[in-house]
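One structure is given here, and the rest of the page talks about it.
The shown structure was predicted, so the numbers you read here are calculated from the model rather than taken from an experiment.
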Amino acid sequence: MQRYFINQNADEDQRFFITSKEDIHHITNVMRNVVGDKIIITFSDKKVYTTQISNMESDKIEIELLEQQDINTELPVEVTICSGLIKADKYEWLLQKSTEMGASNFIAVGMDRSVVKLQANKVQKKLERWQKIIKEAAEQSYRLVIPDIKFKSNLDEIYDTISHYDYILLAYEDEAKRGEVSLFKEQLKQFKTNDRILFIFGPEGGFSEKEISKFSEVGTTVGLGPRILRAETAPLYALSAISFEKELMG
């Protein structure tokens, strides 16, 4: 059954309607669902229900709750992936796969060595496209929430928000080149349930010395194994390691 999100709590005494134009199009024209068909709905309070379509109109689809599902697909820690702007297709792939692997939030940042530049008049349109990619990935991977994405023009804007996080990590390729392999592992073991982690990744050209100097004062620079990873690959490595340590290892 196809999954969709509704921005409403799952109060069994309420009527529920799907009003997103994209979801209505997908249900009606792509999946060709009709009244009586079942779909799965994830509500904003993270409750998941099997539902049945009870009425279909051009601007809304009414559903009835049938059975609540016992499911938890979220990482036990909240990981924000903050990454320097990279080429469009690579960044969209990063968003899709990182959503599937449990990232909670994304921050796209114009860093000193970012080759890609995002002009102010194009930010909103780009954010809408990125959010659509994230939403579809969240539905496909049975996520209970849709991660959020923001854009910041430089890392200084991130520096002003560091108090929101319990851990600040920077994936620094020079650490890997020096053979550093233990700091990330040590940090992983300290993470507790519901901790908020800001993981910062550079663009294709890496961090500038100024960026590393500033954030080294408030965070930890870590290597991600002995190999040098691409900008779009490094976040997936980090999320995989967090999942292994906190979910598979208990």
Side-chain angles (χ1 to χ4, degrees), residues 2-5 7 20-23 25-26 30 42 44 46 73-111 113-155 157-158 161 164-165 167-171 173 196-207 211 224 229-244 246-247:
Q2 190 69 28
R3 291 174 175 257
Y4 302 93
F5 286 89
N7 188 24
S20 164
K21 292 181 180 179
E22 291 180 354
D23 289 344
H25 170 75
H26 192 269
V30 179
T42 302
S44 54
K46 299 183 181 181
T73 55
E74 296 302 306
L75 282 176
V77 292
E78 182 180 304
V79 183
T80 295
I81 299 296
C82 173
S83 50
L85 286 176
I86 58 177
K87 294 178 181 178
D89 58 336
K90 294 180 179 180
Y91 189 64
E92 291 176 1
W93 184 84
L94 181 160
L95 292 175
Q96 182 188 63
K97 301 310 174 186
S98 295
T99 298
E100 293 175 13
M101 302 188 75
S104 298
N105 300 285
F106 296 95
I107 307 174
V109 184
M111 296 188 185
R113 294 180 179 172
S114 292
V115 175
V116 175
K117 306 298 180 183
L118 186 55
Q119 297 178 0
N121 62 347
K122 296 183 178 179
V123 169
Q124 187 56 41
K125 184 176 180 180
K126 188 66 75 171
L127 285 172
E128 290 172 359
R129 175 171 173 79
W130 289 340
Q131 194 68 65
K132 182 176 184 291
I133 292 169
I134 292 168
K135 176 179 178 293
E136 291 174 351
E139 291 171 343
Q140 185 276 328
S141 56
Y142 292 13
R143 293 289 301 273
L144 300 184
V145 296
I146 302 173
D148 183 43
I149 183 164
K150 294 181 175 63
F151 170 74
K152 302 295 182 182
S153 60
N154 57 70
L155 265 183
E157 294 185 50
I158 305 301
T161 69
H164 300 164
Y165 303 97
Y167 294 90
I168 314 290
L169 303 181
L170 290 85
E173 65 179 37
R196 295 164 297 177
I197 299 120
L198 176 65
F199 219 133
I200 307 176
F201 301 84
E204 286 99 341
F207 296 108
E211 290 168 337
L224 299 179
L229 304 177
R230 289 180 179 272
E232 70 270 24
T233 308
L236 306 186
Y237 180 100
L239 288 165
S240 296
I242 293 171
S243 173
F244 181 80
K246 295 304 171 185
E247 294 181 312

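- Between the CG atom in Leu144 and the OG1 atom in Thr42 there is a gap of 6.0 Å [rounded to 0.5 Å].
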Any chance you could lay out the salt bridge (charged side-chain N to carboxylate O under 4.0 Å, His left out) test for Lys132 and Glu136, step after step, and finish with the verdict?
CA-CA 6 Å; Lys132 182 176 184 291; Glu136 291 174 351; 2.7 Å; yes

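- Remark: Glu92 engages Arg129, Trp130, Ile133 in a side chain to side chain contact (heavy atoms under 4.5 Å, CB included) (not counting sequence neighbours).
- The side-chain heavy atoms of Leu224 and Phe201, taken from C-beta on, include a pair separated by under 4.5 Å.
- Here the closest non-hydrogen pair linking Tyr4 and His26 is OH-ND1, 2.8 Å.
- The side-chain heavy atoms of Asp89 and Glu232, taken from C-beta on, include no pair separated by under 4.5 Å.
- Considering every non-hydrogen atom in both Lys87 and Val116, the closest pair reads N-CG2, 3.6 Å.
- Taken from OG1 in Thr233 to NZ in Lys90, the straight-line distance is 9.0 Å, to the nearest 0.5 Å.
- Residue Glu247 comes nearest to Pro76 through the heavy atom pair CG-CD, 3.7 Å, listed as atom of the first residue, atom of the second, then distance.
- Side-chain contact between Leu236 and Leu229 is absent, with no heavy atoms from C-beta onward closer than 4.5 Å.
- The two atoms that bring Pro235 and Leu94 nearest to each other are CG-CD1, 3.8 Å, heavy atoms only.
- Ala137 approaches Gln96 most closely through the heavy-atom pair CB-O, 3.6 Å.
- Around CG of Asn121, the count of heavy atoms belonging to other residues, nucleotides or ligands within 6.0 Å exceeds 12.
- When the shell of 6.0 Å around CD of Glu74 is examined, it contains more than 12 heavy atoms from other residues, nucleotides or ligands.
- Counting only heavy atoms from C-beta outward, the side chains of Leu239 and Ser98 approach each other to under 4.5 Å.
- The shortest distance between side-chain heavy atoms of Phe151 and Leu85 falls below 4.5 Å.
- Using a 4.5 Å heavy-atom cutoff, the side chains of Val109 and Cys82 are in contact.
- Val30 has its side chain within reach of His25: a pair of non-hydrogen atoms, C-beta onward, lies under 4.5 Å apart.
- Rounded to the nearest 0.5 angstrom, Phe199 CZ and Leu169 CG are separated by 4.5 Å.
- Looking only at distances, a side-chain donor or acceptor of Arg143 sits under 3.5 Å from a matching main-chain atom of Thr99.
- Minimum heavy-atom separation, Lys152 to Ile158: CG-CD1, 3.6 Å.
- Taken to the nearest 0.5 Å, the OG atom of Ser141 stands 11.0 Å off from the CE atom of Met101.
- Contact annotation: the side chain of Ile200 approaches that of Met111 to within less than 4.5 Å [non-hydrogen atoms, C-beta and beyond].
- Put simply, CD on Gln2 and CD on Glu139 are 6.5 Å apart, with the number rounded to the nearest 0.5 Å.
- Partners of Glu157 according to the salt bridge (Lys or Arg N to Asp or Glu O under 4.0 Å) rule, which considers only residues two or more places apart in sequence or in another chain, do not exist here.
- In this structure, NZ on Lys125 lies 12.0 Å from CG on Leu118, to the nearest 0.5 angstrom.
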Test Phe5 against Ser20 for side-chain contact (heavy atoms from CB on, under 4.5 Å), laying out the working first.
CA-CA 9 Å; Phe5 286 89; Ser20 164; over 6 Å; no

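- Residues satisfying the side chain to side chain contact (heavy atoms under 4.5 Å, CB included) criterion with Asn105, sequence neighbours excluded, are Glu78, Thr80, Asp148.
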